[in-house]
Amino acid sequence: MSVLSKDFYARDPEVVARELLGKRLVRKLNDELMEGIIVETEAYYGAEDPASRASKGLKPHNKLMFEEPGRAFIYNVHNNWMFNIVAHKPGEVGAVLIRAVQPIKGIDIMKRNRPIEDITKLTSGPGRLTKAMKIDKSLNGVSVTSNKSEVYILSNNVKFKICRSHRIGVREDMQRELRFFIKGNPFVSR
DNA sequence: CGCCAGATTGACT
DNA sequence: GTCAATCTGGCGG
């Protein structure tokens, strides 16, 4: 298993969102290790995407979406941290939101961070997984393309079917369906 | 500094 | 299905 490089993210956000499914999100915090399989993502674009943080052009808070791919882009919504990875072709704008993971390592740590009985609700939502894996604004702008980073993505070799739908929770969506998830996986958000 | 929207969640009918 | 709590950060004055 190898760490996904910057090249992986230097493509169209939709392609990156689809291909991130099944990959492994690794969170290292001091001596502790947490890991989850990505089961749900959404793609976001630039000016053409009314739901995007970058829809109104370059601003200090969204400038990461305009910059080099492969870095974490994190912001707050309703007291929840959203974990995105900057992804776009050269000269373009975009990011992929990680909406849900299936926990596979450090589950006890995640449960400590987010006490809950039902494990399928531990990381099945963008705000849930960031809380369980202790991802917050302190990781904004951090590169996810090195295994020395506090957060990165590993390749994986699993088979599954991909479903798609419109994005969740956005005020104004695009015509295209830009949410992707693994068919039948119980850790996908509602 | 105050106002308020928001890529949510959890509780409840 | 509905609904409101809760808070960060953008933006106007």
Side-chain angles (χ1 to χ4, degrees), chain A residues 9 12-21 23 25 27 36 38-67 69-88 92-103 110-142 144 151 153 162-182 185-190:
Chain A
Y9 303 101
D12 188 275
E14 173 176 341
V15 174
V16 177
R18 292 182 68 99
E19 294 195 14
L20 274 175
L21 293 177
K23 302 295 190 292
L25 169 63
R27 171 75 170 117
I38 297 170
V39 300
E40 181 180 351
T41 58
E42 283 178 358
Y44 287 85
Y45 289 83
E48 70 273 39
D49 182 355
S52 171
R53 294 270 130 156
S55 65
K56 295 191 175 68
L58 177 60
K59 300 276 168 60
H61 70 273
N62 63 21
K63 70 178 175 58
L64 281 167
M65 287 184 73
F66 294 74
E67 297 177 354
R71 290 162 73 186
F73 170 48
I74 297 168
Y75 59 87
N76 190 283
V77 178
H78 287 102
N79 197 23
N80 295 282
W81 296 108
M82 302 291 112
F83 175 62
N84 300 250
I85 300 176
V86 177
H88 55 77
E92 297 188 3
V93 183
V96 173
L97 170 68
I98 310 299
R99 282 193 60 89
V101 304
Q102 172 173 351
M110 296 189 209
K111 278 190 165 169
R112 192 203 312 152
N113 294 335
R114 189 177 133 75
I116 189 164
E117 292 284 314
D118 185 354
I119 190 173
T120 64
K121 292 184 175 145
L122 185 57
T123 53
S124 56
R128 292 175 176 178
L129 77 91
T130 53
K131 186 159 193 189
M133 299 179 91
K134 265 204 158 59
I135 293 171
D136 61 26
K137 185 118 186 217
S138 67
L139 292 174
N140 195 35
V142 166
V144 301
V151 57
I153 313 290
I162 296 176
C163 296
R164 71 189 298 169
S165 76
H166 278 287
R167 294 175 295 188
I168 292 181
V170 300
R171 222 145 102 124
E172 203 182 342
D173 205 353
M174 294 177 79
Q175 290 290 86
R176 305 161 60 184
E177 293 185 321
L178 292 171
R179 169 177 176 250
F180 303 93
F181 56 98
I182 293 180
N185 187 287
F187 294 88
V188 171
S189 74
R190 54 175 160 145

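For clarity, every value in this text was computed on a predicted model and none was experimentally measured. Just so it is clear: chains get the letters A, B, ... in the order the sequence lines come, proteins before strands, and each one is counted from 1. Computed from heavy atoms alone, side chains included, the values below leave out hydrogens, waters and symmetry copies.
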For atom [atom1] of [X] and atom [atom2] of [N], their distance in whole Å:
{"X": "A:Ile168", "N": "B:dT9", "atom1": "CD1", "atom2": "C1'", "answer": "13 Å"}
{"X": "A:Ile74", "N": "B:dA7", "atom1": "CD1", "atom2": "C1'", "answer": "14 Å"}
{"X": "A:Asn80", "N": "C:dC7", "atom1": "CG", "atom2": "P", "answer": "11 Å"}
{"X": "A:Glu40", "N": "B:dT9", "atom1": "CD", "atom2": "P", "answer": "9 Å"}
{"X": "A:Asn76", "N": "B:dA5", "atom1": "CG", "atom2": "C1'", "answer": "12 Å"}
{"X": "A:Glu42", "N": "B:dG6", "atom1": "CD", "atom2": "P", "answer": "16 Å"}
{"X": "A:Asn62", "N": "C:dT8", "atom1": "CG", "atom2": "C1'", "answer": "16 Å"}
{"X": "A:Glu172", "N": "B:dA5", "atom1": "CD", "atom2": "P", "answer": "16 Å"}

Exercise for the section: Answer yes or no on whether A:Arg128 is positioned over the face of A:Phe187, meaning its NZ or CZ is under 6.0 Å from the six-membered ring centre and within 45° of the axis. Expected result: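 Negative - A:Arg128 is either too far from the ring of A:Phe187 or too far off its axis.
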
I want to verify a distance call: between [options], whose nearest atom is closest to the [X] side chain?
{"X": "A:Asn79", "options": "B:dT8, C:dC7, B:dA7", "value": "C:dC7"}
{"X": "A:His78", "options": "C:dA5, B:dA7, C:dG9", "value": "C:dA5"}
{"X": "A:Arg114", "options": "C:dG9, B:dG10, C:dA5", "value": "B:dG10"}

When you check the phosphate oxygens OP1 and OP2 of [N], does a side-chain N or O of [X] lie under 4.0 Å from one of them?
{"X": "A:Lys56", "N": "C:dG10", "answer": "no"}
{"X": "A:Lys137", "N": "C:dG9", "answer": "yes"}
{"X": "A:Arg171", "N": "B:dA7", "answer": "no"}

To check you understand the geometry: which heavy-atom pair defines the closest contact between [X] and [Y], and what is its length?
{"X": "A:Val96", "Y": "A:Ala87", "answer": "CG2-CB, 4.1 Å"}
{"X": "A:Met174", "Y": "A:Leu178", "answer": "SD-CD1, 3.8 Å"}
{"X": "A:Ala51", "Y": "A:Glu172", "answer": "CB-O, 3.4 Å"}

Practice task
State whether the number of non-hydrogen atoms from other residues, nucleotides or ligands found under 6.0 Å of A:Lys131 atom NZ is greater than 12.
Solution key: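 Atom NZ in A:Lys131 is not packed in, count stays at 12 or less.
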
Practice task
Check the surroundings of atom CD in A:Glu117: do more than 12 heavy atoms from other residues, nucleotides or ligands lie under 6.0 Å from it?
Solution key: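 Open.
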
Handout entry: Side-chain H-bond candidate by donor/acceptor type, A:Asp12 with A:Tyr45, under 3.5 Å
Key = yes

Practice task
Give A:Arg53 one of three labels, base, sugar-phosphate or nothing, depending on what nucleic acid heavy atoms sit under 4.0 Å from its own.
Solution key: base

Practice task
Flag as yes if A:Tyr75 stacks onto the base of C:dG9 (centroids under 5.5 Å, planes under 30°), otherwise no.
Solution key: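 A stacking contact does not exist, since A:Tyr75 is not both close and nearly parallel to the base ring of C:dG9.
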
Handout entry: Along DNA chain B (nearest heavy atom to each residue), the more 5'-positioned of A:Ile116 and A:Val77
Key =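 The 5'-side residue here is A:Val77.
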
Completion exercise
Taking Watson-Crick and G-U wobble contacts under 3.5 angstrom, with | marking pairs to another strand and [ ] crossing pairs, the secondary structure of DNA chain C is written |||||.||||||.

Handout entry: C:dG9 base / A:His61 side chain donor-acceptor hit below 3.5 Å
Key =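 Flag unset: no donor-acceptor pair detected.
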
Handout entry: Salt bridge present between A:Arg179 and A:Asp173 (N-O < 4.0 angstrom)
Key = no

